[in-house]
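For reference, the structure discussed in these notes is given below.
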Number of protein chains: 2
Amino acid sequence: MLDYQHLAILREVDRSGSVTAAAERLNVSQSALSHMIRKVEERYGVKLWLKQGRGLRFTQAGEYLLGLAQRVLPQMEHAERVLTDFAQGRRGALRAGMECHPCQRWLMRLTPRYLAAWPDVDLDVRTAFRFDGVAALLGHEIDLLITPDPVDLPELLFTPVIDYELVLVVHEAHPLARRDWATPPDLLDEVLITVPVGVERLDIYTQFLVPGQCRPRQHRTAETTDLMLQLVAARRGVSVLPDWLVREEGAQLPIRAVRLGKGGINKSINLGVRRGEEGIAYIAGFLSLAQELEVKADPSADWS
Amino acid sequence: MLDYQHLAILREVDRSGSVTAAAERLNVSQSALSHMIRKVEERYGVKLWLKQGRGLRFTQAGEYLLGLAQRVLPQMEHAERVLTDFAQGRRGALRAGMECHPCQRWLMRLTPRYLAAWPDVDLDVRTAFRFDGVAALLGHEIDLLITPDPVDLPELLFTPVIDYELVLVVHEAHPLARRDWATPPDLLDEVLITVPVGVERLDIYTQFLVPGQCRPRQHRTAETTDLMLQLVAARRGVSVLPDWLVREEGAQLPIRAVRLGKGGINKSINLGVRRGEEGIAYIAGFLSLAQELEVKADPSADWS
DNA sequence: AGCATCCATGACTTCTACTCATCGATGTAT
DNA sequence: ATACATCGATGAGTAGAAGTCATGGATGCT
């Protein structure tokens, strides 16, 4: 077996110029190096170096192995550093999955900061909205679930990172714009614009329209939230979005946000990880960055 | 120490899908693999795989090392094959040095055959004419010396591969063309064309002109033998070359070869190697190919 | 000529690496 | 549902590898 060690010996002998010096640098006896190389030589039936006067001269086979050593050893040594990086959680791949559009928007605010803070961590984002996030987390398909619906399982740990309110977005000249809050019947004559997912995944249906036994006149979809806001600003309909998202992206538009029902629809985004992994440095780092973000978002909450 | 072995284990576990299967394929016990990996894990403080049900799941660190293994192991395995090639003399670098121009011409006839017969041998040709070939051979700068002047040393072994005669080349209309042989005074009024080396290395001087105490009217040089022949054909002068070389390259030219002195200047090309290395396969192969070439060249020796 | 230093080698020792036996966990067949 | 088969992990014991020490031959330097 040609081994890491043998390559290291060859490289060091080449660097130091003698077996004795190499042995000293590698913290073994000169005899040990001689024995090791001798073994390789016997194994393959080829000399790696020859005594030349008081020193050595590499044979062609020795030169060849020396070249291999110089190519391979740096890779191995780098791998050792990478391993300790993994051990200390400085390196990894954080695979995040999301179950809702607002979650994705929220994540996008965090990513630049996270990538800057954890340069050796790959952030993979799974934006498949149809999958079961909890199952993906349990099955190790993802390492982090960003979801509005935490579940209570012993294997998982959920942390809320932001509370928000789902609001109705209307044009500023819309009759509803002056109202304190909207009722389900208010939407009977409206065009409702949502992201393109099944109604069973839309809170506006499950928590508002269905309980109020109402349906909008028309339901259409838009792929992105800024398109949704543009459509509302163009009086093509009304939409439902997180309050902070309207605040951030709709500041310059002629739109208003209206509470849905008297108490509003209150949601939160939660980060789910497998229990036991919350301490891994780059995951813990994500959670703490997420909580910093929440704090910063809070002060401007009274946007009305 | 991250080792060849560990990488091999990871790769085999990945291939076989289980530690037990991998152990069997690697001819060790399942326990041994477990222990080895455990040791690496303890060394670096990072798990490489986790029990998942009855099987395993690689961690990110494990995946990383697996990737390393797939890059590095093929190189190591190739190196092992190369070593056995070296051991059997199927592979090497044959560094040939030459001390004379005819030697180089002669070598060129052999190279295509040699390269075809020994595909894994690199043939390096040192065409530095100023160096001391014997010293280069003794100092392991070259492995093969092609020279007209063998020396008798216990460390070296010389083998003649071709005997030839150094002849004067003149235009077919030149008065000397009808002569059986030329004398030194015949050159007193000639332009002598030789390769550009010092006169002390030119046999025409050391063995003919100097003993005869004559000098040509003019001495000029040409870089290549075919240029020399072209110049002779154009009546720009006379030249001195090996008979076989004139035969091969000058067949279509209006030139004649004339013996130098009554007995001619007889030379031979010898191959010198360090004693003990004549048995190395790719060196022995060179010598035997060289002798075949000699035999083939012989029949047409009476070219006149 | 004498000395210092190089690498190779044999004998001895230490400790590593492996096997064996067993355990708990998990998936499967009855 | 329960027994069984099979997986990987682990502790103890052992065979063998790897390392040290002491020494010898060769070479270069003073």
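Quick note on labels: first sequence line is chain A, next is B, and so on, each numbered from 1. Since this is a predicted model, take the numbers as computed values, not measurements.
- Electrostatic pairing of B/Glu155 and B/Arg275 does not count as a salt bridge here, judged by no charged N lying under 4.0 Å from a carboxylate O.
- Between the C1' atom of D/dA17 and the CE atom of A/Met1 lies a distance of 15 Å, rounded to the nearest Å.
- Between B/Ile37 atom CD1 and D/dA9 atom P the separation is 9 Å, expressed in whole Å.
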Filtered N/O pairs between nucleotides 24-29 of chain C and protein, under 3.5 Å:
residue : atom : partner : partner atom : Å
C/dG24  : N2   : B/Lys51 : NZ           : 3.0

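- For B/Gln30, the listed nucleotide lying nearest its side chain is D/dA9; candidates were D/dA9, C/dT19, C/dA17.
- Distances from the side chain of B/His35 to the nucleotides D/dG19, D/dG11, C/dA8 place D/dG11 closest.
- Whole-Å rounding puts the A/Arg57 CZ to C/dC7 P distance at 14 Å.
- For A/Asp120, the salt bridge (Lys or Arg N to Asp or Glu O under 4.0 Å) partners two or more places apart in sequence, or in a different chain, are A/Arg91.
- Under the side-chain hydrogen bond (donor to acceptor under 3.5 Å, both in side chains) criterion, A/Arg11 pairs with A/Glu77, sequence neighbours left out.
- Taking every heavy atom of both residues into account, A/Ala69 and A/Pro74 meet most closely at O-CD, 3.7 Å.
- Relative to the side chain of A/Arg38, the nucleotides C/dT9, D/dT20, D/dT10 differ in distance, and C/dT9 lies closest.
- One atom, CG of A/Asp3, and another, P of C/dT16, lie 16 Å apart when rounded to the nearest Å.
- Whole-Å rounding puts the A/Lys39 NZ to C/dA8 C1' distance at 16 Å.
- Among the atoms of the strands shown, only primed sugar atoms or phosphate atoms (P, OP1, OP2) are found under 4.0 Å from some heavy atom of B/Gln5.
- No N or O donor and acceptor, one from the side chain of B/Thr20 and one from the base of D/dT6, sit under 3.5 Å apart.
- What separates CZ of A/Arg43 from P of D/dA18 is a distance of 12 Å, to the nearest Å.
- Nucleic acid contact class of A/Ser34 (heavy atoms, under 4.0 Å, all strands): base.
- At the heavy-atom level, B/Leu33 lies nowhere under 4.0 Å from the strands shown.
- Closest contact between the side chain of A/Trp49 and the listed nucleotides C/dA8, C/dT9, C/dT19 involves C/dA8.
- Rounding to whole angstrom units, CD of residue A/Glu24 and P of C/dC7 are separated by 12 Å.
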I would like to know whether A/Gln60 and B/Asp143 meet side chain to side chain contact (heavy atoms under 4.5 Å, CB included); could you show each step before the answer? CA-CA 11 Å; A/Gln60 292 178 358; B/Asp143 307 306; 3.6 Å; yes

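- Using a 4.0 Å cut-off between charged nitrogen and carboxylate oxygen, A/Asp163 and A/Lys267 do not count as a salt-bridge pair.
- Base engagement by A/Ser31 is indicated by at least one non-hydrogen atom pair under 4.0 Å involving a base atom.
- The pair B/Arg90-B/Asp85 counts as a salt bridge, with a side-chain nitrogen and a carboxylate oxygen less than 4.0 angstrom apart.
- Remark: P of D/dT20 and CG of A/Asn27 are 9 Å apart, rounded to the nearest angstrom.
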